[in-house]
Amino acid sequence: MTEPLLKVEGLKKYFPVKNGLFGKTTGHVKAVDDVSFYVNEGETLGIVGESGCGKSTTGRMLMRLLEPTEGTVTFDGQELTKLSPQEMRKARREIQMVFQDPYASLNPRHTVEKILMEPLIVHNIGDTKSRKKMVRDFLEIVGLSSYHAKRYPHQFSGGQRQRIGIARALMTNPKLIIADEPVSALDVSIQAQVLNLMQKLQRELKLTYIFIAHDLGVVRHISDRVGVMYLGKMVELASSENLYAEPLHPYTKALLSAVPVPDPNFIREEILLEGDIPSPSNPPSGCTFHTRCPFAMDRCKQVVPQLEEIKTGHYVACHLYDADMIDKN
Amino acid sequence: MSNPDPKNLVPAEQEVVVEQEAGPWRDAWKNFRKNKIALVGSVIVFFFIFLAIFGTWIAPEGINDQKLTERLKAPSSQYWFGTDDFGRDIFSRVILGARISLGVGFFSVIGSVVVGSALGIIAGYYGKWVDTIISRIFDIMLAFPSILLAIAVVSVLGPSLVNALIAIAIINIPNFGRLIRSKVLTVKQEEYITSARAIGMKDFRILLSHILPNSLAPVIVAGTLAIASAIIEAAALGFLGLGAQAPAPEWGKMLADARNYLRNAPWTMIFPGVAIMLTVLGFNLMGDGLRDALDPKMKT
């Protein structure tokens with residue numbers, strides 16, 4: 001197999017908690033705690049998890065919009081985490097981001113043309129004339145019209161704005177697009193349009209996506225592989241089919257059992273989790289999920305489970321699948 | 001968008017073409033135009049600006065045409081606002097004083113806006129110790145009553161109109177600095193700033209092209225209102241003899257000179273006073289209108 005386009009190893013982000021008059025650090029919020037994964041060229045990796053599990057933080061660290069506390073990010077053979085800020089700025093030409101809130105991610109004082117030309121100016125691509133032409137071309141590509149270029153963001157609907165956001169991410173012809181909940185702020189009917197657009201663009205422009213979302217249905221629709229995050233850790237990572245057909249981690253099982261099924265006669269076996277998500281500033285010992293896990297054992301309270309390949313391409317971090325446990329079953 | 005728009009439901013391709021320019025500034029102007037009181041304020045302001053520019057041609061007499069036989073004459077058809085203790089035409093002096101007062105107002109505010117905004121943006125954007133140092137300096141300056149600080153500055157620099165202007169500019173720096181700092185703190189959290197960083201933009205460019213334009217609205221409002229207070233401060237310094245020097249027809253100075261004749265010749269005091277009041281009122285009304293037009297968020 002060829003080298004993956006993006007490789008993440010041991011990524012951590014601890015936010016210091018400061019207290020008192022002199023801002024003494026009294027603890028850390030472990031937003032992302034030792035996450036590793038890879039993304040192959042041309043595929044879509046979905047990252048799901050509930051709010052606050054660190055999926056957006058992970059996305060931002062990949063682009064070094066947030067500096068990782070620890071860990072390495074290797075993109076296309078280049079270790080991003082070692083680049084100087086200058087080099088990183090240049091590297092961002094290859095990695096672009098689509099943001100969650102289409103209302104907040106476009107500068108209200110700039111016309112669409114100005115918004116879309118900005119990446120070209122920053123990376124010194126083309127001259128004014130060719131830039132304008134590119135803006136018009138890309139507007140058409142994302143399903144808007146070239147006459148929209150002169151308008152301001154507030155004259156568009158949410159879906160249209162997200163198309164503009166996508167167009168902006170495409171302007172520099174990147175290889176990897178990190179989409180941070182790109183459709184969760186949109187109506188369901190618009191979500192489908194935007195998702196289909198993203199898939200079409202992926203086919204035509206040979207893009208690689210990291211798709212961060214909390215909506216399992218959306219992730220299933222678009223992803224080749226899916227990673228499930230819980231409290232700053234990746235608990236399961238598998239191909240989309242495998243994960244949805246045969247979830248291994250108890251948390252994934254509970255998540256999937258909560259997905260609505262469009263069949264009124266369907267009797268669900270819902271796995272209800274008890275309790276709340278523990279605070280990431282003081283996560284539980286061992287497996288962070290043991291406080292809510294219906295299958296928790298003594299070992300789960302003490303030993304942190306590692307993400308291990310249980311079946312081909314199916315990784316899970318759970319003691320239920322430790323070698324000796326499987327023998328018992 | 002403010003009202004539910006049926007367009008949202010239609011795919012982008014079928015959307016109706018409405019070709020019109022509608023930038024955020026244009027929207028603000030539309031709001032402003034509806035506000036009658038603010039329009040009155042602007043009329044007053046533009047009237048005084050007009051006087052400031054064309055006063056030399058309008059005023060029937062010069063600023064220092066003394067006619068000792070005509071001392072302290074009451075308002076009449078010849079001297080509309082009467083004459084002062086040197087027999088100078090107060091009408092002409094009030095008109096010609098507009099240039100001084102407005103000049104001090106504008107230029108001192110421009111000075112404090114430029115310096116204050118620069119410091120405020122740096123403090124707000126870079127944060128950490130830079131912010132701490134700049135903010136503490138602002139706090140120290142704000143701890144003094146502003147007019148006292150202005151008097152101190154003028155007494156160091158020496159009494160003159162230009163020094164009064166500089167003093168007023170200095171005392172207003174922390175107001176603008178803090179205002180823009182707080183605005184920058186909010187704007188910098190906006191996702192379009194993150195997205196600007198994500199496309200690889202340099203800090204300086206982000207500051208100039210994203211943060212500054214989006215932080216400016218409150219400064220415009222505060223600037224307009226600050227012109228009003230700067231005019232009053234200039235008048236106060238003039239009144240104390242620390243601003244404009246004789247025979248300059250500065251309104252505050254005219255008030256000070258008229259003090260002795262308050263009982264016998266009240267017009268020497270009334271007209272410059274009314275001029276100050278009207279200008280300040282005009283700027284305040286206009287500033288309030290601008291705030292209403294700019295503040296309730298350019299519809300996001």
Side-chain angles (χ1 to χ4, degrees), chain A residues 60 63-66 85-86 88-93 95-111 114-115 118-123 139 142-145 147-148 150-160 163 165 168-169 171-172 174 178 180 187 189-190 193 197, chain B residues 1-28 127-129 131-132 186-217 294 297-300:
Chain A
R60 272 156 209 241
M63 288 198 75
R64 278 182 60 192
L65 290 172
L66 281 173
Q86 299 305 321
M88 189 58 222
R89 278 201 313 107
K90 298 212 174 80
R92 284 187 184 141
R93 178 173 174 171
I95 315 174
Q96 285 288 313
M97 197 154 182
V98 176
F99 291 87
Q100 171 174 10
D101 185 351
Y103 291 88
S105 61
L106 306 174
N107 187 337
R109 293 194 178 275
H110 287 181
T111 59
K114 197 162 178 197
I115 290 170
E118 225 156 30
L120 301 176
I121 297 170
V122 167
H123 294 289
L139 279 175
V142 298
L144 295 168
S145 305
Y147 65 78
H148 285 128
K150 290 287 177 210
R151 297 214 188 154
Y152 286 88
H154 73 261
Q155 294 169 292
F156 293 91
S157 66
Q160 291 174 319
R163 286 168 194 263
R168 172 174 58 190
M171 293 308 287
T172 56
I178 300 170
D180 186 1
D187 287 350
S189 59
I190 311 289
Q193 291 177 13
L197 170 70
Chain B
M1 292 214 173
S2 52
N3 49 343
D5 190 344
K7 265 188 276 176
N8 294 357
L9 304 174
V10 186
E13 291 77 17
Q14 300 170 21
E15 198 223 331
V16 203
V17 187
V18 194
E19 207 53 79
Q20 62 163 64
E21 288 283 318
W25 293 115
R26 186 171 282 259
D27 281 356
K128 304 208 174 128
W129 60 269
D131 182 24
T132 312
T186 22
V187 170
K188 127 178 137 164
Q189 301 295 331
E190 296 279 351
E191 215 162 52
Y192 55 82
I193 304 299
T194 319
S195 72
R197 290 213 292 140
I199 61 173
M201 210 181 260
K202 285 183 191 151
D203 274 0
F204 190 65
R205 208 187 145 85
I206 295 178
L207 275 180
L208 280 191
S209 113
H210 290 278
I211 293 187
L212 187 63
N214 282 295
S215 310
L216 225 47
L294 291 170
K297 274 267 155 34
M298 341 79 246
K299 285 160 267 157
T300 34

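In what follows, chains are A, B, ... by sequence order, proteins preceding strands, each numbered from 1.
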_Smallest separation among heavy atoms of F99(A) and A198(B), with atom names_ = CZ-CB, 4.1 Å
*Would you name the heavy atoms of S195(B) and R168(A) that are closest together and state the gap between them?*
OG-NH1, 3.1 Å
*Please tell me if the side chains of R60(A) and T194(B) come closer than 4.5 Å, counting only heavy atoms from C-beta onward.*
yes
*Name the member of Q100(A), K90(A), M97(A) that forms the most heavy-atom pairs with chain B at distances under 4.5 Å.*
Q100(A)
*From N107(A) atom CG to E190(B) atom CD, the distance as rounded to the nearest 0.5 Å*: 9.0 Å
*Of the backbone (N, CA, C, O) and the side chain (C-beta and beyond), which part of I95(A) lies under 4.5 Å from a heavy atom of chain B, both, or neither?*
backbone
*Side chains of H110(A) and H210(B): does their closest heavy-atom pair fall under 4.5 Å?*
yes
*Top contributor to chain B interface from Q86(A), M171(A), E118(A) [non-hydrogen pairs under 4.5 Å]*: E118(A)
*Checking heavy atoms, do the side chain of Q96(A), its backbone, both or neither come under 4.5 Å from chain B?*
side chain
*asked:* On a heavy-atom basis, which atom in G200(B) and which in V122(A) lie closest, and how many Å separate them?
replied: O-CG1, 3.1 Å
*Is chain B contacted by the side chain of L65(A), its backbone, both, or neither, given a heavy-atom distance below 4.5 Å?*
both
*Nearest-0.5 Å distance, CE of residue M201(B) to CZ of residue R89(A)*: 10.0 Å
*Quick check: does any side chain N or O of H123(A) sit under 3.5 Å from a backbone N or O of I199(B), one acting as donor and the other as acceptor?*
yes
*Counting distance only, does the side-chain N/O of E191(B) pair as donor-acceptor with the main-chain N or O of D101(A) below 3.5 Å?*
yes
